[in-house]
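All ligand and atom numbering here is 1-based and tracks the order in the structure.
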Amino acid sequence: MAQSFETKAVHFSIDQETINRSKTTPIYQTSVFSFKTLEELESHYTGELPYLYTRNGNPNPDELGQAVALLENAEAGVASSSGLSAIMAGILAVCKHGDHIVASEDVYGGTYHFLEQQLEQIGISVTFVDFSQPERIEEAIAPVTKLLYSETITNPFLRTESIETMVAIAKKHNLTTMVDNTFATPYLLRPLDQGIDIVIHSATKYIGGHSDVTAGVVVGSKKWVSLAKEKIVNWGANVSPFEAWLACRGLKTMALRMRQQCENAEKLASFLQEHPAVEKVFYPKNVSEKGNGAIVSVQLKPEIDMSAFFSNLSWVAIVPSLAGVETTVSYPIATSHRALPEAIQQKLGITTHLVRISVGIEDFSDIASAFQQAMKLAEK
Ligand SMILES: Cc1ncc(COP(=O)(O)O)c(C=O)c1O
């Protein structure tokens with residue numbers, strides 16, 4: 001039947017059935033999937049055809065969830081729109097109105113804010129304690145406690161909480177455990193192997209690795225992941241196909257990037273340790289045999305002019321995030337940890353002279369020169 005111009009203009013498409021397999025997964029940039037018959041539509045509901053509507057499921061987010069699950073030795077994984085929505089989904093998979101969480105006080109500021117203020121609105125309470133002291137965790141546990149929450153390498157002090165302690169306490173009190181493994185990545189740590197129940201990632205960071213994606217992932221047992229997925233679908237926190245595709249593309253080079261970034265970070269931590277402008281370097285030890293992570297935090301001496309330091313870093317940009325291939329610096333007190341109550345900032349040591357460095361893949365001598373110059377020009 002001959003079609004008019006207007007009809008032809010919207011009904012063209014390549015014959016998808018006859019295309020041979022593409023080497024890379026195509027980007028399924030579609031909000032919905034189509035069906036030829038009512039029987040075919042029905043077969044979605046009987047489980048034969050996986051996709052109906054992108055908020056409910058799409059191959060690119062599924063690929064991201066499955067890839068991270070594979071690397072974390074998890075039974076299942078689901079991708080979400082951001083690290084924070086992965087935290088939301090993981091928590092709501094476990095907790096409902098009236099439940100209580102014991103969380104580490106040394107967590108990413110956005111996580112702190114979410115746990116303290118957003119969860120309160122839906123009747124989930126949180127007690128923050130110092131997770132380096134197991135007795136504090138135990139003291140905070142109440143009859144309504146359901147979840148212990150921490151980060152494997154904390155932000156910004158890079159403490160490596162004892163996963164073993166968390167798992168032992170959780171077993172004793174019949175609690176679920178959830179950790180944010182963003183800073184360590186599965187290249188360095190796989191907390192599920194150590195008995196943690198749910199692991200989340202801000203895929204915005206090392207999984208994507210190029211500062212061009214906002215995404216998150218929840219991995220764990222099929223049970224926890226399907227509950228988390230239910231939250232992602234129903235609270236509309238799905239990741240877009242293109243963002244998921246970019247995160248998968250980034251993930252393929254994560255091991256190479258991490259190797260180089262950890263090596264540079266190790267060298268930078270030693271270099272800063274010896275520098276007269278530096279009061280204290282925060283860099284973990286013994287995280288894994290592959291390295292200790294690629295973030296170095298540094299407390300500069302009070303006589304350093306912070307404004308001069310940040311403006312003399314040459315090619316090292318001030319970036320309130322981390323984990324790209326470029327070395328960048330962030331200022332926790334003004335950005336990631338701004339939302340923390342002042343008393344907590346002081347208790348943790350988030351001061352005006354604290355700088356968090358996300359170490360990139362550049363040649364180390366260039367990284368060292370940039371910091372050397374900035375510290376020299378910032379001496380009062
Ligand atoms: C450790 C950690 N977890 C979670 C998040 C939140 O991730 P997103 O910004 O992708 O929501 C961040 C963001 O900086 C982070 O540093």
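- Compare D180, V107, I200 by their heavy atoms: the one nearest to atom 3 (N) of ligand 1 is in D180.
- Side-chain atoms of S270 and K267 form no donor-acceptor pair, as typed in the model, at a separation below 3.5 Å.
- Between the side chains of T46 and S43, not a single donor N or O lies within less than 3.5 Å of an accepting N or O.
- Against a heavy-atom cut-off of under 4.0 Å, L84 is close to the following atoms of ligand 1: 6 (C), 7 (O), 8 (P), 11 (O).
- Residue K205 has at least one N or O atom closer than 3.5 Å to an N or O atom of ligand 1.
- Only the side chain of T204 comes within 4.0 Å of ligand 1, counting heavy atoms alone; its backbone N, CA, C and O stay farther away.
- Among protein heavy atoms, atom 16 (O) of ligand 1 sits closest to N155 ND2, 3.5 Å.
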Practice item. Could you give me the CA-CA distance, side-chain angles and deciding distance for Y331 and F310, then say whether ring-ring contact (aromatic ring centres under 6.0 Å, His included) is met? Key: CA-CA 9 Å; Y331 195 35; F310 280 109; 4.9 Å; yes
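- Those atoms of ligand 1 that come under 4.0 Å of a heavy atom in F183, given as number and element, are 1 (C), 16 (O).
- In terms of protein heavy-atom proximity, atom 15 (C) of ligand 1 is nearest to Y108 CG, 3.6 Å.
- A heavy-atom separation below 4.0 Å is not found between H201 and ligand 1.
- At the shortest separation from atom 8 (P) of ligand 1 among protein heavy atoms lies G83 N, 3.3 Å.
- Between Y112 and F128, the two ring planes are parallel [angle under 30°; tilted spans 30° to 60°].
- Here F33 and Y53 keep their ring centres 6.0 angstrom or further from each other.
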